[in-house]
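See structure below.
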Amino acid sequence: MKNYIFILFLIGLVSCSKKEKSYTLPENAIELLAGQSGKTWKIAWRYNDGTRMNMAGCFLTYKITYSPEGTIKDNNAEQENCGPSLLGTWEIITHKKEKSYVKWNSDQLPEIMNTKKNHKYFKILQLEKDTLKLQYRHKQFSSESIFVDTFVPEHIDVKDRDFHR
């Protein structure tokens, strides 16, 4: 009887544990992300703790450009009431567990991302020619949430971005 309970416990433990999928970064990741002379991405969808967020206002106009030389710039300042533009550098970091991140560096990050550090890690969930999917933690209001943003190149039309209208 004890062995039976122990086996059930092990089955429950294994089935309830969340195994994180590993994502292998493509060999041409830098070119996919930044192109040959810079690549501009826009947000197609944003999820906050698994709930799809409405894409209105500044989210609909937001674009970020990655250069192959390692600089980033977004277009916030070019939009009315969207805040300052982020200027900084980026690099791809891969850890031993095959988890890859885009690391942003900028003295503006503490204010823009509500953090104490001047760098931010964005876990790469997908990187292809027409898709960049990033996961990150962000303190919004009083609690920290996990966001997943899916970006597409700026020229691609995305139906239903503003799905609440």
Side-chain angles (χ1 to χ4, degrees), residues 20-50 52-140 144-163:
E20 195 172 314
K21 293 180 185 178
S22 66
Y23 174 74
T24 303
L25 201 62
E27 287 184 26
N28 62 339
I30 292 173
E31 185 176 345
L32 289 171
L33 183 62
Q36 300 217 348
S37 60
K39 189 169 182 179
T40 302
W41 299 86
K42 67 181 178 185
I43 301 175
W45 304 280
R46 171 171 280 178
Y47 285 82
N48 178 349
D49 284 334
R52 186 169 172 195
M53 294 180 63
N54 187 25
M55 299 289 292
C58 296
F59 291 113
L60 285 175
T61 59
Y62 183 80
K63 295 177 184 174
I64 186 161
T65 302
Y66 290 83
S67 78
E69 295 80 28
T71 61
I72 52 172
K73 180 183 187 292
D74 72 23
N75 69 334
N76 273 344
E78 299 167 23
Q79 312 304 317
E80 188 174 340
N81 298 321
C82 291
S85 283
L86 172 69
L87 300 171
T89 61
W90 69 272
E91 60 185 309
I92 292 178
I93 306 289
T94 301
H95 291 284
K96 293 177 186 175
K97 296 181 182 179
E98 295 185 11
K99 294 178 185 173
S100 298
Y101 298 84
V102 174
K103 180 183 178 188
W104 289 1
N105 300 290
S106 174
D107 290 336
Q108 296 172 283
L109 285 173
E111 178 185 349
I112 292 173
M113 297 293 293
N114 196 15
T115 183
K116 294 179 181 172
K117 299 177 181 176
N118 66 352
H119 63 274
K120 184 81 175 165
Y121 291 91
F122 299 84
K123 184 177 179 183
I124 301 171
L125 301 178
Q126 183 179 357
L127 177 56
E128 298 170 358
K129 178 183 171 194
D130 292 333
T131 306
L132 170 62
K133 192 172 188 178
L134 301 174
Q135 176 184 334
Y136 60 100
R137 293 186 181 276
H138 179 54
K139 188 171 184 178
Q140 185 178 25
E144 190 171 79
S145 298
I146 296 176
F147 286 84
V148 175
D149 288 348
T150 301
F151 292 85
V152 296
E154 67 178 328
H155 66 276
I156 292 180
D157 280 335
V158 179
K159 294 180 181 180
D160 201 28
R161 282 177 77 210
D162 188 7
F163 68 96

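- Between Tyr121 and His95, the angle of the ring planes lies from 30° to 60°, which puts this pair in the tilted group.
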Cut-off 3.5 Å, no hydrogens considered: what does the side-chain donor-acceptor table look like for residues 25-35, sequence neighbours left out?
unit_1, atom_1, unit_2, atom_2, d
Glu31, OE2, Gln36, NE2, 3.3

Kindly indicate, with the supporting measurements, whether the criterion side-chain contact (heavy atoms from CB on, under 4.5 Å) is fulfilled by Phe122 and Asp149.
-> CA-CA 10 Å; Phe122 299 84; Asp149 288 348; over 6 Å; no

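- For Ser85, the side-chain contact (heavy atoms from CB on, under 4.5 Å) test picks out Lys73, Asp74, Asn76, Ala77, with sequence neighbours left out.
- No donor-acceptor distance shorter than 3.5 angstrom exists from the side chain of Gln135 to the backbone of Ile146, with no hydrogens or angles considered.
- Between Tyr62 and Phe151, some side-chain heavy-atom pair lies under the 4.5 Å cut-off.
- Heavy atoms from other residues, nucleotides or ligands lying under 6.0 Å from NZ of Lys129 number 12 at most.
- Within a 6.0 Å sphere centred on CD of Glu111, heavy atoms belonging to other residues, nucleotides or ligands number 12 at most.
- Contacts classified as disulfide (SG to SG under 2.5 Å) and involving residues 69-137 (residues at least two apart or in different chains) are given here: Cys58-Cys82.
- Crowding of Arg137 atom CZ: a count of heavy atoms from other residues, nucleotides or ligands under 6.0 Å not exceeding 12.
- Annotation: disulfide (SG to SG under 2.5 Å) contacts involving residues 88-138, sequence neighbours excluded, are absent.
- Classified by interplanar angle (parallel below 30°, tilted 30° to 60°, perpendicular above 60°), the ring pair Trp90/Tyr66 is perpendicular.
- With sequence neighbours excluded, the residues forming a side-chain contact (heavy atoms from CB on, under 4.5 Å) with Thr65 are Thr40, listed by chain and number.
- With sequence neighbours excluded, no residue forms a side-chain contact (heavy atoms from CB on, under 4.5 Å) with Glu80.
- Between Glu154 and Lys63 there is a salt bridge, since a side-chain N of the basic residue sits under 4.0 Å from a carboxylate O of the acidic one.
- Classification of the Tyr136-His138 ring pair by plane angle, with boundaries at 30° and 60°, yields tilted.
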Could you give me the CA-CA distance, side-chain angles and deciding distance for Lys133 and Ile124, then say whether side-chain contact (heavy atoms from CB on, under 4.5 Å) is met?
-> CA-CA 6 Å; Lys133 192 172 188 178; Ile124 301 171; over 6 Å; no

